[in-house]
Amino acid sequence: MNKMFCFQCEQTAGGTGCCGGAGVCGKKADTANLQDALSGALVGLARAAEKAPTRVNAETHKLVLEGLFTTITNVNFNDETITALKNRIAAEKQRLADGADVADYDLAALWQANEDIRSLKSLILFGIKGMAAYAYHAAVLGYHDASINDFMLKALVAIGDDSLGLDELLPIVLEVGEVNLTCMALLDQANTETFGNPEPTEVSLNVEKGPFIVVTGHDLYDLKLLLEQTAGKGINIYTHGEMLPAHAYPELKKYPHLKGNFGTAWQNQQKEFDGIPAPILYTTNCLMPVRPSYHDRVFTTEVVSYPEMVHIGEDKDFTPVIEKALALGGYSEDQHFTGINGGDKVLTGFGHHTVLSVADQVVDAVKSGAIKHFFLVAGCDGSKPGRNYYTEFVEKTPADSVVLTLACGKYRFNDLDLGTIGGLPRLMDMGQCNDAYSAIKVAVALAEAFDCGVNDLPLSMVLSWYEQKAVCILLTLLHLGIKNILLGPSLPAFVSPNVLNVLVENYAIAPISTPEADMAKCLG
């Protein structure tokens with residue numbers, strides 16, 4: 001338990017794997033090993049479900065989603081809550097097995113397997129972890145899909161099956177992408193039917209004086225409940241990180257005390273939360289090890305957990321957060337903050353409903369030559385050097401192009417003023433990483449409008465990745481046959497040379513190089 005092995009995130013040590021006493025993310029070896037044991041217990045649960053399918057129920061599927069989500073990078077650093085969840089999974093396995101002996105899976109067998117087998121199984125495991133996050137958010141809003149739940153169990157069984165070879169595993173890898181497309185569509189439906197279609201919205205980066213709460217993560221329902229419970233209490237609410245797109249949803253933006261966005265992307269939180277006179281509520285990843293300067297202001301909920309932090313349980317009573325906000329009092333006068341490029345406001349809310357509502361305008365602009373190229377510059381942000389590439393790339397996009405973006409990688413450039421084109425902003429924020437379905441839907445609609453394939457469009461995808469949700473999105477793009485994706489800032493450590501060759505030969509995936517060279521390649 002004193003050493004670990006983990007290579008599921010982009011920032012893994014040395015670009016090969018964290019294998020010491022702690023990971024680059026700050027997770028200690030014993031915690032990482034507990035998470036591996038949790039994943040192995042999920043394989044055991046799936047094996048029991050395969051043997052007794054008639055015994056599988058909603059609780060089985062809930063535990064699978066919760067267990068996989070818990071092991072995503074920067075979600076849970078708490079040995080106690082991981083152990084409690086593992087015990088719940090063991091009890092459910094015992095119920096399904098009904099006395100039969102069903103073994104868990106030791107992930108050490110995966111880490112020590114043939115590198116190509118390890119690579120394909122890692123793509124499956126990390127892909128379903130990301131998909132589980134999307135399915136979890138949809139489930140919170142009451143939206144479920146049996147095909148997604150069934151595939152999760154199938155994939156877990158495959159991960160634990162040491163008899164499977166490359167020919168059997170590769171189709172499952174691509175199936176992750178196919179099922180994730182269904183999952184992203186389900187989450188899009190859940191969010192838009194619950195909160196309305198996102199609308200283009202200007203969001204201030206400044207903070208008004210007085211008590212306030214910062215909400216980070218991805219879960220819109222938690223934000224809605226907090227807005228309801230703070231209404232009329234003189235407390236302002238500010239989003240952080242991936243919660244920024246919440247400002248565009250009609251059912252959330254109607255609350256006048258949802259004021260703006262505080263800070264930038266997740267990896268800056270230790271600096272930005274240092275001494276902040278307000279509590280921070282974490283609804284999902286990305287949580288970083290909490291520093292003493294704001295240790296007493298952090299609250300967690302859902303699957304997020306950190307030792308000694310106050311956790312808001314299933315009753316969703318945010319009274320402790322509210323009381324902390326009132327006690328701290330906020331800033332004594334208005335505070336002026338800016339994005340990384342100096343802007344003091346950003347635009348969000350350009351989901352597929354908004355963009356497709358002006359599709360004719362976009363198509364006409366392309367036909368007239370006003371728009372000559374589209375760039376999807378999207379994905380995760382992170383602290384590893386080299387991510388300034390994405391700022392420089394967007395700055396170099398020509399004036400007759402449109403930049404679509406989503407996920408927290410946009411914080412590298414979303415405060416840039418790129419001007420307008422054909423009456424539309426050149427930079428359009430489509431939302432969270434959870435909203436990747438919007439980008440796919442727009443690309444497919446444009447291809448239909450021009451009676452061509454997506455690969456024939458004047459569209460370049462320049463993606464950044466950090467954690468496992470980016471893995472399942474990439475697999476969805478591959479399932480759709482999309483080629484020539486530029487991926488950075490580095491390629492995944494868990495992709496073996498042989499598997500990488502398959503991706504290059506079949507999909508022409510390439511690592512980013514320099515903004516100048518890649519821009520020339522995209523426009524060539």
Side-chain angles (χ1 to χ4, degrees), residues 201-218 222-224 226-227 229-249 252-283 286-300 309-310 318 320-349 381 383 391 408-417 427 429 432:
T201 304
E202 187 176 270
V203 183
S204 170
L205 302 183
N206 297 322
V207 177
E208 297 178 13
K209 67 178 182 180
F212 67 99
I213 298 170
V214 175
V215 185
T216 189
H218 304 73
D222 283 329
L223 175 60
K224 182 177 187 296
L226 181 65
L227 287 166
Q229 293 180 35
T230 51
K233 290 185 166 63
I235 299 173
N236 290 328
I237 306 298
Y238 292 87
T239 55
H240 170 268
E242 283 276 65
M243 200 63 87
L244 165 64
H247 291 271
Y249 287 92
L252 298 174
K253 65 187 296 185
K254 71 181 184 182
Y255 292 91
H257 59 301
L258 179 60
K259 289 289 186 177
N261 190 76
F262 173 85
T264 52
W266 67 272
Q267 79 278 359
N268 300 319
Q269 64 189 259
Q270 290 179 326
K271 176 180 68 176
E272 292 175 347
F273 294 165
D274 186 48
I276 181 176
I280 307 106
L281 174 64
Y282 287 83
T283 63
C286 297
L287 167 68
M288 292 180 72
V290 181
R291 289 184 171 175
S293 62
Y294 59 94
H295 190 273
D296 63 331
R297 295 143 207 232
V298 169
F299 297 81
T300 60
M309 301 295 99
V310 177
F318 292 113
V321 190
I322 293 169
E323 290 178 343
K324 177 62 75 171
L326 293 171
L328 291 170
Y331 294 111
S332 58
E333 56 185 30
D334 293 353
Q335 297 293 311
H336 300 287
F337 298 102
T338 63
I340 67 166
N341 300 294
D344 61 358
K345 59 182 179 297
V346 293
L347 274 173
T348 191
D381 204 355
S383 58
T391 309
C408 62
K410 64 175 168 274
Y411 277 104
R412 294 278 170 172
F413 49 80
N414 68 338
D415 62 325
L416 289 172
D417 183 2
L427 177 61
D429 174 13
Q432 300 177 342

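Starting from 1, each residue takes its place in the sequence as its number. This is a predicted model, so every value here is computed, not measured.
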Let me confirm one number: the [atom1]-[atom2] distance from [X] to [Y], rounded to the nearest 0.5 Å.
X      : Y      : atom1 : atom2 : value
Gln269 : Tyr294 : CD    : OH    : 5.0 Å
Leu244 : Leu347 : CG    : CG    : 10.0 Å
Phe299 : Leu281 : CZ    : CG    : 8.5 Å
Ile276 : Tyr238 : CD1   : OH    : 10.5 Å
Ile237 : Thr230 : CD1   : OG1   : 4.0 Å

Mind running side-chain contact (heavy atoms from CB on, under 4.5 Å) on Phe413 and Leu427 for me, showing each step along the way?
-> CA-CA 9 Å; Phe413 49 80; Leu427 177 61; 4.1 Å; yes

Anything under 3.5 Å between a donor and an acceptor, one on a side chain of residues 205-218, the other on a protein residue two or more places apart or in another chain? List them.
from	atom 1	to	atom 2	distance (Å)
Asn206	OD1	Phe337	N	3.0
Thr216	OG1	His240	ND1	2.8
His218	ND1	Thr284	OG1	2.6
His218	ND1	Asn285	O	3.0
His218	NE2	Lys469	NZ	3.2

Asp381 and Arg412: salt bridge (Lys or Arg N to Asp or Glu O under 4.0 Å), yes or no, with the steps?
-> CA-CA 8 Å; Asp381 204 355; Arg412 294 278 170 172; 2.8 Å; yes

Which atoms form the tightest heavy-atom contact between [X] and [Y], and what is the distance?
X      : Y      : result
Val203 : Thr348 : CG2-CG2, 3.9 Å
His247 : Lys259 : CE1-C, 4.2 Å
Cys408 : Ala265 : O-CB, 4.0 Å
Ala325 : Pro279 : CA-CD, 3.6 Å
Lys233 : Ile322 : CD-CG2, 3.9 Å
Lys253 : Thr201 : NZ-OG1, 2.9 Å

Within the distance-only criterion (no hydrogens, no angle test), does the side chain of Glu272 pair as donor or acceptor with the backbone N or O of Gly263 below 3.5 angstrom?
->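 Checking the backbone N and O of Gly263 against the side chain of Glu272, no donor-acceptor pair under 3.5 Å is found.
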
Keeping the roles fixed (side chain from Tyr331, backbone from Pro277), state whether a donor-acceptor pair exists under 3.5 Å.
-> no

Criterion side chain to side chain contact (heavy atoms under 4.5 Å, CB included) against Asn341, the qualifying member of Asp415, Asn414, Asp417 =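 Of all the options given, the one that passes is Asp415.
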
Exercise: do Thr239 and Asn261 side chains pair donor with acceptor under 3.5 Å = yes

Is there a side-chain contact (heavy atoms from CB on, under 4.5 Å) between Phe273 and Met288 once you walk through the steps?
-> CA-CA 11 Å; Phe273 294 165; Met288 292 180 72; over 6 Å; no

List the steps, then state whether side-chain contact (heavy atoms from CB on, under 4.5 Å) holds for Leu252 with Leu227.
-> CA-CA 8 Å; Leu252 298 174; Leu227 287 166; 4.1 Å; yes

